[in-house]
Amino acid sequence: MRSNREPDSRHRVVVVGGGMAGTRLAQQLAATAAEGGVEVTVIGEEPHPAYNRVLLAEVLAGRYAPDVIALPAPAAARRLGGVRAVRIDRDPGEVVCDDGRRVPYDSLVLATGSNPVLPPLRGLFGPHGHELPDGVHAFRTMDDCLALAAAVRPGVRAVVIGGGLLGVSAARALAQRGAQVVLAHQGEHLMERQLDAGASEVLRRHVETLGVEVHTECRVRGLRTRPPEGGGSTADGGKAVGGSAVSAVSAVELADGYALEADLVVLACGVRPRVGLARAAGLEVARGVVVDDELRTSDPRVFAIGDCAEHDGVLYGLAGPAQDQADMLARVLGHRAAHGHGTGHRYTGSRTLTRLTLASANSPLSPLDLAAFGETTPAPGDDVVHLADATRNAYRKVVVRGDRLVGGILLGDLGSVGALARTWEGDEPLPSAPLLHLLTNDGGS
């Protein structure tokens, strides 16, 4: 392993990305840093302290203040907030930042996360740049969340484009703030990556009771905007950029020509790994930054974790796998700092469980809890246990292969989810009790 450090100095670990993955890694390296073996620097583009991105919808809904979802600051780590890494010089081993500073490293970790996908809609960008029209927001960062929270008010007309996990969460949060919300989803049913058609129908009914109008198989063609008025501002009090005013959104146009009037539009169309820094540095990139079982990139001094990392052809894009990767990499880097080589630890992939709670202070109904994990589409020869109760807004389905639980979808009262998840995550043999017992409230325990 090459190193440009002085003899007997600490192993310099630089983490590019101050989100959940990078912060978790810095926290896990704290003990090694305190012992003097590692010097950790986290370069974070966002000026805010690190926060739990999973809970942004709760901030938008007004349930939590931003500081409530802040993550503990890593001990013994230097954080450069509001600083963007613009280049990696692999030889001599430095990260160049937008403020001109150069941060040397012995091991570099890319935790650059992902960017929201901006769909190719007519009217999304003006003719003179890449500024979104006033009232149009992505929903990925704390700044996105705060901007939406400042713009929403009772009665405002909001259209959320995209009915995945993020879109459903955003629509519910806006409705709780009193907005008139339409959720437009191109797919056949909501959250199709996690749910089957039956579970999605239960979800749809619940979302509609929260005040959200849902349209599936609904393709958005473009945005209609109203021109800015004099004084460098839009008719809606919009912003001016580069001396020219930015137009404000007025409607969302569907493929059939119908227009949904809108004061706010939320783009929840998925995410794409941020790989530009890695690609410019000559690292191997497929859909994400390609890593091996030690989470090394094609340069053995550079690692990647979280949303930007592609391991064994898989991009997870979820908080759980990012934490798994950060924990494993902390062991590798701690051992490398002490002994000059890896530990033999290997990352073999993560089992992902999606959890979501949909509740509203304005609804008399009980919250809807949702959990989905593993393989939810049965293969030939699999056993399926399926219970549905429309009157209780409950849906439960598990897939069993041999004596193993391989996947499940649970909506409603999730008293059983803990036991089922532990059985699935541990890849443990199922108890000999009847399969129907898996879906009782105690999870068969």
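Being a predicted model, the structure only gives us computed values, none of them experimental. In what follows, residues are counted from 1 in the order of the sequence shown.
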For [X], check side chain to side chain contact (heavy atoms under 4.5 Å, CB included) against everything at least two apart and list the hits.
X: A149; result: L60, R177
X: A179; result: V152, V156, A158, L174, V181
X: R205; result: E201, V202, A390, N393
X: E428; result: T423

Give me the atom names and distance for the closest heavy-atom approach of [X] to [Y].
X: L315; Y: A309; result: CD2-O, 3.3 Å
X: L329; Y: E294; result: CD1-O, 4.0 Å
X: R355; Y: L353; result: CG-CD2, 3.1 Å
X: T376; Y: G408; result: CG2-O, 3.6 Å
X: G412; Y: L368; result: N-CD1, 3.6 Å
X: A262; Y: V252; result: CB-CG2, 4.3 Å

Can any side-chain N or O of [X] pair as donor or acceptor with the backbone N or O of [Y] at less than 3.5 Å?
X: E39; Y: R10; result: no
X: R53; Y: G19; result: no
X: D89; Y: G93; result: no
X: T112; Y: R274; result: yes
X: D312; Y: V314; result: no
X: E310; Y: G288; result: yes
X: T297; Y: V302; result: yes
X: T23; Y: G18; result: yes
X: D98; Y: R84; result: yes
X: H185; Y: M191; result: no

Heavy-atom side-chain contact between [X] and [Y] under 4.5 Å:
X: V59; Y: I69; answer: yes
X: L118; Y: L267; answer: yes
X: W424; Y: E375; answer: no
X: P321; Y: T352; answer: yes
X: D369; Y: L411; answer: no
X: P119; Y: V220; answer: no
X: D307; Y: P273; answer: no
X: D382; Y: V400; answer: no

Set out, in order, the CA-CA distance, both residues' side-chain angles and the distance that settles side-chain contact (heavy atoms from CB on, under 4.5 Å) for H137 and L264, then state yes or no.
CA-CA 8 Å; H137 302 263; L264 286 178; 3.9 Å; yes
Please lay out, stage by stage, how R140 and D144 fare under the test salt bridge (charged side-chain N to carboxylate O under 4.0 Å, His left out).
CA-CA 6 Å; R140 182 65 181 164; D144 294 335; over 6 Å; no
Applying side chain to side chain donor-acceptor pair (under 3.5 Å), can you list everything that pairs with R272, at least two apart in sequence or on another chain?
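For R272 there are no side chain to side chain donor-acceptor pair (under 3.5 Å) partners, ignoring immediate neighbours.
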With sequence neighbours left out, write down each residue that passes side chain to side chain donor-acceptor pair (under 3.5 Å) with Q28, or none if nothing qualifies.
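Partners of Q28 by the side chain to side chain donor-acceptor pair (under 3.5 Å) criterion, ordered by chain and then number, come out as D327.
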With sequence neighbours excluded, give me every salt bridge (Lys or Arg N to Asp or Glu O under 4.0 Å) pair touching residues 56-77.
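Sorted pair list: E58-R63, E58-R172.
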Return each pair, listed once, that meets salt bridge (Lys or Arg N to Asp or Glu O under 4.0 Å) where at least one residue sits in residues 275-291; pairs must be two or more places apart or across chains.
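Listed by first then second residue: nothing to list.
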Partner residues of R122 under the salt bridge (charged side-chain N to carboxylate O under 4.0 Å, His left out) criterion, sequence neighbours left out:
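Expected list: E253.
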Of all residues at least two apart in sequence or in a different chain, which pass the salt bridge (charged side-chain N to carboxylate O under 4.0 Å, His left out) check with R101?
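Scan of R101 (salt bridge (charged side-chain N to carboxylate O under 4.0 Å, His left out), adjacent residues dropped) gives D99.
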Tell me if the CD atom of E217 is crowded by more than 12 foreign heavy atoms within 6.0 Å.
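Enclosed.
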For the CZ atom on R404, are there more than 12 heavy atoms of other groups (residues, nucleotides or ligands in this structure) within a distance under 6.0 Å?
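Count over threshold, so yes.
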Yes or no on side-chain contact (heavy atoms from CB on, under 4.5 Å) for V266 and V159, after CA distance, side-chain angles and deciding distance?
CA-CA 6 Å; V266 179; V159 176; over 6 Å; no
Which pairs would a plain distance check flag for residues 74-81, meaning a side-chain donor or acceptor within less than 3.5 Å of a matching protein atom at least two apart in sequence or in another chain?
| residue | atom | partner | partner atom | Å |
| --- | --- | --- | --- | --- |
| R78 | NE | T41 | OG1 | 3.4 |
| R78 | NH2 | T41 | OG1 | 3.3 |
| R79 | NH2 | E46 | O | 3.4 |
| R79 | NH2 | H48 | O | 2.8 |

I need the full list of ring pair (Phe, Tyr, Trp, His ring centres under 6.0 Å) pairs touching residues 288-332, with sequence neighbours left out, sorted by first then second residue.
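Every pair satisfying ring pair (Phe, Tyr, Trp, His ring centres under 6.0 Å) with a residue in residues 288-332: H311-Y347.
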Take R102 and E94, measure what salt bridge (charged side-chain N to carboxylate O under 4.0 Å, His left out) needs, and give me the verdict at the end.
CA-CA 6 Å; R102 305 176 71 93; E94 292 178 333; 2.7 Å; yes
Could you go through the side-chain contact (heavy atoms from CB on, under 4.5 Å) check for L190 and L183 one step at a time?
CA-CA 10 Å; L190 299 177; L183 177 57; 3.9 Å; yes
Given I161 and L121, is the side-chain contact (heavy atoms from CB on, under 4.5 Å) satisfied, shown in steps?
CA-CA 11 Å; I161 301 175; L121 303 178; 4.0 Å; yes
Would you check if there is a donor-acceptor pair between the side chains of H206 and E208 at a distance under 3.5 Å?
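No pair is found: no donor N or O on one side chain lies under 3.5 Å from an acceptor on the other.
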Determine whether the side chains of Y395 and D196 contain a donor N or O and an acceptor N or O closer than 3.5 Å.
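Yes - a donor-acceptor pair under 3.5 Å links their side chains.
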Out of the candidates I409, L356, T354, only one should pair with Q194 under the side-chain contact (heavy atoms from CB on, under 4.5 Å) rule; please name it.
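So the option named by the test is T354.
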Calculate, to the nearest 0.5 Å, the distance between atoms CG and CG belonging to L56 and L166 respectively.
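L56 atom CG to L166 atom CG measures 8.5 Å (nearest 0.5 Å).
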